[in-house]
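Below: one structure, written as structure tokens.
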Amino acid sequence: MDVSLNIAAGGCASRVFFMMKRVLLLLLLLITGICVPMEVVFGQAAANGNGTSVSSSSSSPRPSVANIGSLFTFDSVIGRAAGPAIAAAVDDVNSDPTVLPGTRLNLISQNTNCSGFLGTVEALQLMENSVVAVIGPQSSGIAHIISHVVSELQVPLLSFAATDPTLSALQYPYFLRTTQNDYFQMYAIADLVTYYGWREVIAIFVDDDCGRNGISILGDALAKKRAKITYKAALTPGEPRSQVSDLLLEVNQMESRVYVVHVNPDSGLSIFSVAKSLHMMTKGYVWIATDWLPSVLDSLEPDDTDTMNLLQGVVSLRHHNPETDLKRSFMSRWSNLNHKKSIGASGFNSYALYAYDTVWLAARALDVFLNEGGNLSHSTDPKLSDTKRSAMNLASLRVFDGGQQFLQTLLRMNFSGPSGQIQFDLDKNLVRPAYDVLNIGGTGSRRIGYWSNYSGLSTISPVVLYTKPRNNSSSNQHLSSVIWPGETSLVPRGWVFPENGKPLRIAVPNRISYQQFVAKDKNPPGVRGYCIDVFEAAINLLPYPVPRTYMLHGDGKRNPVYNEIVQAVAQDRYDAAVGDVTIVTNRTKIVDFTQPFMESGLVVVAPVKEQKSNPWAFLKPFTIQMWLVTGAFFLFVGAVVWILEHRMNHEFRGPPSQQIMTILWFSFSTMFFSHRENTVSTLGRFVLIIWLFVVLIINSSYTASLTSILTVQQLTSRIEGIDSLVSSNEPIGIQDGSFARNYLMDELNIAGSRLVILKSQQEYSTALQLGPKNGGVAAIVDELPYIELFLSSTNCKFRTVGQEFTKSGWGFAFQRDSPLAVDLSTAILQLSENGDLQKIHNKWLTHGDCMEQINEINDSRLSLTSFWGLFLICGISCFIALTTFCCKVIFQFRRFTPEGGEEAEVDEIQPARPRRSLHSTSFKDLIDFVDRKEAEIKEMLKRKSSDIKRQASPSSDVHANSPA
């Protein structure tokens, strides 16, 4: 096979000048109107116009030769691996009788020399050879330029190394990427940053198309995870070591210690060499490199110890190529490839796999294209026909007539190669993007996990994960342990306070009231109070020093407005705010708060007075409903017991008036367990036991409630709580500078004219004592910590009324995404757990005995709600007893009543009269039967049973003596 390597780096000056003129003219034509045909963008084949066909029609036989071109930098990390792979792939295709039978691939290679200008020159020269596809380039910058050329000539450009995400745009319809898109790599890095809890990174990148666009995607990916790039350190391609050193010195002055390095593989190691000399590869630093670094390391033959020493602790990403037989077979052939020596190739890296598969992609697609009737004809471009007289001779560039059809064929190809599955999605990206996560240490690197677009970070191979349901939740992200720079397995914090940086500017409210919380102090550090002690104790728990300076906010004549302090932090006038700053919704939108160090909430304080004694106080333990139900049950249970005892207990018999008095007496005497009547029936005793238990509970509850009412001091206030305060039109006192003003006006719709600003505790007391009629206020609305401190010094003249109607807390405010907020939250929790927070509270704050809330008497009364279960049990017991009693009576009545035609002795019950059946028995007879004593009924039934037996005995004798 003929493989021509036309290297255009050298040559005579006239030839270079000639090609330069051609490039300049082509660029001028492209800028002034040579655009990509719209038919190409929308998938339609471009019309040939009046062009002249070079090859035969579709009916002609297969061509004997198909020209494909390659563009890459021969003497580069990627080029030295890709060159032998491309040549080997061409050999394999030409020796395979099942692919392109009768047609031989002819490879024409051009060296771009890492130059956009020379790359364009070589591309134009390559196009003169009527190629049907171009493999390369490796540079995204050159790919941007050449894409315009191939789009005009309708020749697919298959790049195995250009990873710039913007090359997937519709602007480049003939560009097809056969490696992974940097879009996915940047999202993998964002997942790494989030996994370790870092919030800020510094990006170090080469300032070219690939670098800028890749870092832009990284910024978007981090923003979705509430992280960000704090500084973009751009490097000029080929920048000298001195400028790299200056750049690293600059980034070392910043807070972030997480560096993402996205540079070219040919010059990237110089960054780590300079970082090593600046002691930036030590404990506390984090270095994350993109796939360029494994490409360099994999190419080293043998491993370079000095290079590995520069990279200890670095985390990097490498293209994930599944371990298949195809990959193992290719790698086993690598050392024996004859093409390596021809261009001075060195070690293997993943780009060799992609380059190899790119040739096979072109060959397989070309085979399908020809089988479907396509032909390799080229025609002149009418847009370039006017340039025949030009010295650049652009008319020699021809359009591939089947380019659009061939492009669509490439997009639908699906096969497996050494690099993995070759298949494209709708965005022309390879399906199933995945990376190996490497940790460099010792004399090599070890894989600590994988990243895939399917499931994120995992220690399980993506090939296995694809067989399981998708799960990329944060709880499912896992990596093995990492040895970080400085040979430590402890995850670095990711940020520090710069040694020469400015101390934290901490705003402190300059209060004139409630100075126990925070106040100005003559002694260092210039402030004091409960909040300051909590902050200092939390800072002392951090594992690193925090230089800080306290700055008072306010004029000292009145309390500052706290919303203004928080706004100043958000506007970078302060780095933090320390004090009694309440965490409310509007403030959390502009700053980050720590864990609350004190619970808070709005309460209502009002004057109280002692309630005078009431002659009807004995009725207050129960509500009216409870009294009515209890009385009704006393009567009901008395009546039930009377019914159950009336037939067998002589104490429950007598004249009607006497029986009514018995029911009433028995009912209410059970309240004191002093009933004199004895119960003899089983059912009566059952009901009485249940009722006495209910009475015991009611008596005990009544006694306890009445005792409380008569012995405990009863305080009352005409303000019941926030609801009664809102519904009235009386003035309300609020603390100067508090968020309560906005809350009452915005949330509760209280008119601003009703709110009275109070500046000190003395004004609190005076306003409440004067009352609304004398220029004071009806009540004060303030946060609970202030009210606790205020009430401790008022001799209980005032009390809180109602419930706490908001729930919040005090925290320290920091600028958004400040890592200090997270670390201090952990420290505050530690203070709470070890008891130090309570000790600081006891040092500064005291509590009196005036914090008991005023509740209305009605609220403390015992209601039916507390006792309905007892009444239900008692009612069910009475129902069961009455049902049993009625069944027993009906059964006896049926036995007592004679059947039709039979005689019975009823002289004791009624005068003799005609007998009636049970159905004709009157209700009066039943009542008379029930009213009878139980002993009489039993005696009558016994006598009736004996008479029936006597009557049956003579009849039996007569039948026995009769003749047979």
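Annotation: side chain of Met598 is in contact with side chain of Leu845 (closest heavy-atom distance under 4.5 Å).
Sequence neighbours left out, the pairs with a member in residues 580-606 that pass ring pair (Phe, Tyr, Trp, His ring centres under 6.0 Å) are Phe597-Phe812. Applying the salt bridge (Lys or Arg N to Asp or Glu O under 4.0 Å) rule to pairs touching residues 506-530 yields Arg511-Asp580, sequence neighbours excluded. Note on residues 483-492: no pairs pass side-chain hydrogen bond (donor to acceptor under 3.5 Å, both in side chains), not counting sequence neighbours.
Remark: Asp817 engages Arg199, Arg226, Lys228, Asp592 in a side chain to side chain contact (heavy atoms under 4.5 Å, CB included) (not counting sequence neighbours). With sequence neighbours excluded, no residue satisfies side chain to side chain donor-acceptor pair (under 3.5 Å) with Asp746. Applying the side chain to side chain donor-acceptor pair (under 3.5 Å) criterion to Asp191, with sequence neighbours excluded, gives Lys225, Trp451.
A side-chain donor from one of Lys224 and Tyr187 sits under 3.5 Å from a side-chain acceptor of the other. For the 3.5 Å distance criterion, the side chains of Asn842 and Gln838 qualify, holding a donor opposite an acceptor.
Under the 30°/60° scheme for interplanar angles, the aromatic rings of Phe517 and Tyr514 are found to be tilted. Using cut-offs of 30° and 60° for the angle between ring planes, the Phe535 and Tyr550 rings count as perpendicular.
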Going through the distances and angles, do Glu783 and Ser600 end up as a side chain to side chain donor-acceptor pair (under 3.5 Å)?
CA-CA 6 Å; Glu783 294 183 74; Ser600 181; 2.7 Å; yes

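Between Glu536 and Arg548, at least one side-chain N (NZ, or NE/NH1/NH2) sits under 4.0 Å from a carboxylate O, which counts as a salt bridge.
In summary, the aromatic rings of Trp810 and Tyr786 are positioned with their centroids under 6.0 Å apart.
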